[in-house]
Amino acid sequence: MLLFWLLLFIAAGGIWLFEIRLGLSVLWGIAVSALPGACFAWYSFRRLGGARQSGAAVQAIYRAETIKFLLTAALFAAVFMQVKEIHLAAFFIAFAGAHLGASLVTARTLARHQG
């Protein structure tokens, strides 16, 4: 997953070299997807202790998802309030693409470990 995020940030940097406003909008879109996703992963999987603690693990995942949702909303609000020059289409496409890509990487990783 870290490699996926790194590649996205490098791509945004490449776009930034040609068109600053577009590149920054893509960078903001990726960041609004990546930061809450990283917080979710850290919070939900930091203390998994096996099958005996499955109830606690489920509760941790629910809490992590709530934190992820609230952080995503806060980051959207921050970007719209603080960033004056944003290319909205690029921002939303980057957010959706990063979110979808992260979901696909996660699904593929889980399928590989289960099969």
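Taking the six-membered ring where tryptophan is involved, the planes of F92 and F76 are essentially parallel, since the angle between them stays under 30° and well short of 60°.
Remark: H99 pairs with F95 by the ring pair (Phe, Tyr, Trp, His ring centres under 6.0 Å) rule, at least two apart or across chains.
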Can you list, pair by pair, the side-chain donor-acceptor contacts under 3.5 Å of residues 16-28, counting residues two or more places apart and other chains?
unit_1 : atom_1 : unit_2 : atom_2 : d
R21    : NH2    : I86    : O      : 3.2
S25    : OG     : R21    : O      : 2.8
S25    : OG     : H87    : N      : 2.7

Return all side-chain donor-acceptor pairs below 3.5 angstrom for residues 58-71, not counting sequence neighbours, or 'none' if the list is empty.
unit_1 : atom_1 : unit_2 : atom_2 : d
R63    : NH1    : Y43    : OH     : 3.4
T66    : OG1    : Y62    : O      : 3.0

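Both V32 and L88 are part of a single hydrophobic cluster, where members link through side-chain heavy atoms under 4.5 Å apart.
Contact of the F91 side chain with the V83 side chain is not registered, since no non-hydrogen atoms from C-beta on lie closer than 4.5 Å.
A distance of 11.0 Å separates CD1 in I30 from CG in L35, rounded to the nearest 0.5 Å. Here the straight-line distance linking atom CG of L100 with atom CD1 of I93 works out to 13.0 Å at 0.5 Å rounding.
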